[in-house]
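Data first, discussion second: the structure below is written as structure tokens.
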Amino acid sequence: MASLPSQRYSFSKSRTHPQSSRMTPEPKSTQKCKLSQKRKTLTFQLSMGGHLSPWPTYTSGQTILQNRKPCSDDSWKQVGSLKQYPMSTAKPRYLEQLENYLRKELLLLDLGKDSTQELRLQPYREIFEFFIEDFKTYKPLLSSIKNAYELMLAHQREKIRALEPLKAKLVTLNEDCNERIMAMRAEERYEISMLKKEKMNLLKLIDKKNEEKISLQTEVSKLRKNLAEEYLHYLSERDARKILIGDLNELRYQREDMSLAQSPGVWGEDPVKLTLALKMTRQDLTRTQMELNTMKANFGDVVPRRDFEMQEKINKDLQEQLDSLRADYEEVCKEHDSLLQMHMSTLKERDQFFSELQEIQRTSTPRPNWTKCEDVVAGGQERWHMLAADKNSDQLVDVLLEEIGEGLLREKDSFPGLGYGETIPTFLRFDGPVENKKPSKKEVVNILKDAWKERLAQEQKEKFPDFFFNFLERRFGPSDAIAWAYTIFENIKLFHTNEVMSQFYAVLMGKRTESVYINQKETVAQLQKEMTNADSQKVGLLSMEQFSHNEVTLSKMRRALMNIDPSLDKQTLSTYLSQAFQLPISELPEEGNEAEEGTKLCLRLVLEQLQVADVKRIGPRDIEPTS
């Protein structure tokens, strides 16, 4: 084969072409068996007594099963170019058989419903295998080319598989965004409703103030009208009084003249003297009348001081009410303007959130259908409903990962050793494969409980990881201790939802101190003891009324307040305890004193008395209580 000329050659002897009827992917062993049969069927046969038939170089440009339209220009050009060559040159029989085989295989794959892109490569892979097997001289080169492509395809498949966990993150992110948007929309609706109610109340107040203002203006105008009428009435009375006084004076003069004329003793006096006295009297009367008229002219419009002071007081009250209403009106106008601005900003934020919601809904992935997991999880529909009860999508993903991880963990027969590096925990330092003991979840939990019992029973001198490995050596022997260490570590690292495993893993890896577990266990034990004492009828249940009547001591109340707010100073804490137990601060027992445990009250009574005082948090909420 290496001595052939530069032209391309193919074998012209006929080969028996295998028929394939596969519609679905077959196992690799079946494919290898069929491939070997096809290779045996397509045996290498030489034409014309074992000689190679020449194949022109211009025919090598033809591509098998090109995805082109039948009437495209390229197809006609290619056919036209082929017609220029003599028709006597025909394709080798082997090439035609391979083309027919490839065409039928691709057609069968097209008819199948579940054919994937990777499955469509199988016929081309088989054709390439035929060439590799038939052309012995080029077999190493062709095999290396094929292996390079296979490695690249495997690498791409692993890369795609590595990107699968991103789907779960996208689902979680979508749910968080939806929850935040729903919460923001609910808060927005609540604020809008409250603003609308406040706006309506303000509008009603404005209307009420306007009505009061109109009524006051009406009353003021009415008072002014009455005042003008009274003024005109007083003017008319003044004029009538002047006329009446003039008439009275004239009558008096006439009466005096008549009395003087009729009196007999008057004629005996000196007429000159009488005339002079009369003249002086008339002058005095005229002067007095002029003074009286002047006083009436000057003081005719003057009202009595009592009426003036009363009207002045009424006017002052009305002016104060008017000023108050004007100030309220201006304040209401300002509040109305601020509410309008707030409303406009709220509308703007609502439109922005709505746009973000639409963008998120457009770009986010749809919510997963968790009912599909019923047929995959062991135990079927009933167990999946039990696992998925009252859990959100993020928690369901954790449950599903635990189920998948549990299955994968049981399939492993051994674990690879992590070596003896400094970053490796002491109980995992081992080089080489480690046996997987494959215990059940219940067995692992029981082992962890026994480890805690032994840890609490002895003095805690050694570190917890060293104690854990020594415990495994005492329980399973030095030979199996490392295997059980790896097995238990993989189990507690996988099951996050199990409280015993998650707590043990956190303490083992140094993420949580042992005192947290110990204090929690003591708190639970104390609570069980108190509930048992409160259960007088020994029924195993406590009603809410019985639970609220457990007695609380002063020391427990002190610890509870300090756990809630560690920033409380001693003076404030003493004030709260004094209010809760109704004791003077000077009579409160010191912390740690025996009298502190003797001071007891009903929990409900303590809480009721504590609510009377102004109890508030001193420190920030993110400070956690010390163990």
Side-chain angles (χ1 to χ4, degrees), residues 154-155 158-159 161-165 168-169 397-522 624 626-627:
H155 174 69
E158 290 296 330
K159 195 171 183 181
R161 192 177 297 111
L163 293 175
E164 288 294 329
K169 293 184 179 180
V397 171
D398 293 338
V399 172
L400 192 59
L401 290 176
E402 288 183 3
E403 292 294 323
I404 297 174
E406 184 179 6
L408 295 175
L409 193 61
R410 288 191 172 277
E411 292 179 358
K412 289 184 178 180
D413 295 329
S414 62
F415 304 105
L418 299 179
Y420 294 92
E422 295 182 357
T423 58
I424 305 301
T426 56
F427 60 93
L428 296 178
R429 292 178 181 177
F430 187 79
D431 195 4
V434 181
E435 179 186 359
N436 182 9
K437 294 299 183 179
K438 299 181 180 180
S440 64
K441 188 176 179 180
K442 184 177 181 181
E443 292 175 352
V444 175
V445 172
N446 292 332
I447 293 173
L448 298 181
K449 289 182 179 179
D450 294 340
W452 276 119
K453 290 180 182 178
E454 186 171 334
R455 180 63 171 177
L456 297 176
Q458 67 179 7
E459 297 181 358
Q460 302 177 7
K461 295 182 178 180
E462 55 183 348
K463 295 183 179 179
F464 194 79
D466 298 334
F467 157 75
F468 176 61
F469 189 75
N470 295 333
F471 167 76
L472 295 178
E473 285 184 339
R474 290 191 296 269
R475 181 156 183 164
F476 301 103
S479 59
D480 290 339
I482 192 66
W484 278 102
Y486 269 82
T487 303
I488 293 176
F489 179 75
E490 292 295 332
N491 277 272
I492 63 177
K493 183 174 68 175
L494 174 63
F495 295 102
H496 298 286
T497 58
N498 187 279
E499 184 179 1
V500 177
M501 292 186 178
S502 61
Q503 285 184 347
F504 197 89
Y505 176 76
V507 175
L508 188 64
M509 299 306 295
K511 298 179 180 179
R512 188 181 300 171
T513 59
E514 299 179 51
S515 59
V516 176
Y517 174 80
I518 296 173
N519 292 337
Q520 182 179 1
K521 191 173 184 63
E522 291 178 354
E624 296 182 357
T626 56
S627 301

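What you see below is based on every heavy atom in this structure, not just the backbone, and it leaves out hydrogens, waters and symmetry mates.
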Notebook entry, point to check: Is the count of non-hydrogen atoms from other residues, nucleotides or ligands lying under 6.0 Å from K441 atom NZ greater than 12?
Noted result: yes
Item checked: Shortest non-hydrogen separation from G421 to R429 and the atoms involved -> O-NE, 3.5 Å
Item checked: Closest non-hydrogen atom pair, V434 against I482 -> CG1-O, 3.8 Å
Check: Could you state the interatomic distance from OG (S479) to CD (E473), rounded to the nearest 0.5 Å?
Finding: 10.0 Å
Next item on the list: Considering only NZ, NE, NH1 and NH2 on the basic side and carboxylate oxygens on the acidic side, decide whether E490 and K412 come within less than 4.0 Å.
Entry: no
Next item on the list: For residues T426 and P465, report the shortest heavy-atom separation together with the two atoms involved.
Entry: OG1-CB, 3.8 Å
Check: Between Y486 (side chain) and L428 (backbone), is there a donor-acceptor pair under 3.5 Å?
Finding: yes
Margin query: Please report whether the ring centroid of F495 lies less than 6.0 Å from that of Y505.
Written below: no
Checklist line | Separation of N470 CG from K463 NZ (nearest 0.5 Å) | finding: 13.5 Å
Next item on the list: Decide yes or no for R455 and F471: does some side-chain heavy atom of the first lie under 4.5 Å from some side-chain heavy atom of the second?
Entry: no
Check: Is there side-chain contact between F476 and I447, with at least one heavy-atom pair below 4.5 Å?
Finding: yes
Check: So how far is it from Y420 OH to D431 CG, rounded to the nearest 0.5 Å?
Finding: 6.0 Å
Notebook entry, point to check: Under 4.5 Å between any side-chain heavy atoms of D450 and R475, yes or no?
Noted result: yes
Note to self: When you compare the side chain of F504 with that of K449, does any pair of heavy atoms fall below 4.5 Å?
What the structure shows: no
Margin query: Less than 6.0 angstrom separating the ring centers of F427 and F464, yes or no?
Written below: no
Check: Looking at F467 and A451, what are the two nearest heavy atoms and their distance?
Finding: CZ-O, 3.3 Å
Notebook entry, point to check: Can we say R161 and E158 salt-bridge, meaning some charged N sits less than 4.0 Å from an Asp/Glu carboxylate O?
Noted result: yes
Check: Would you call Q503 and V507 a side-chain contact if the rule is heavy atoms closer than 4.5 Å?
Finding: no
Check: If we only count heavy atoms from C-beta on, is the V444 to N498 side-chain gap below 4.5 Å?
Finding: no
Note to self: Is it the case that the side chain of T487 and the backbone of K437 share a donor-acceptor pair, with hydrogens and angles ignored and the cut-off at 3.5 Å?
What the structure shows: yes
Next item on the list: Verify the neighbour count for atom NZ of K438: are there more than 12 heavy atoms of other residues, nucleotides or ligands below 6.0 Å?
Entry: yes
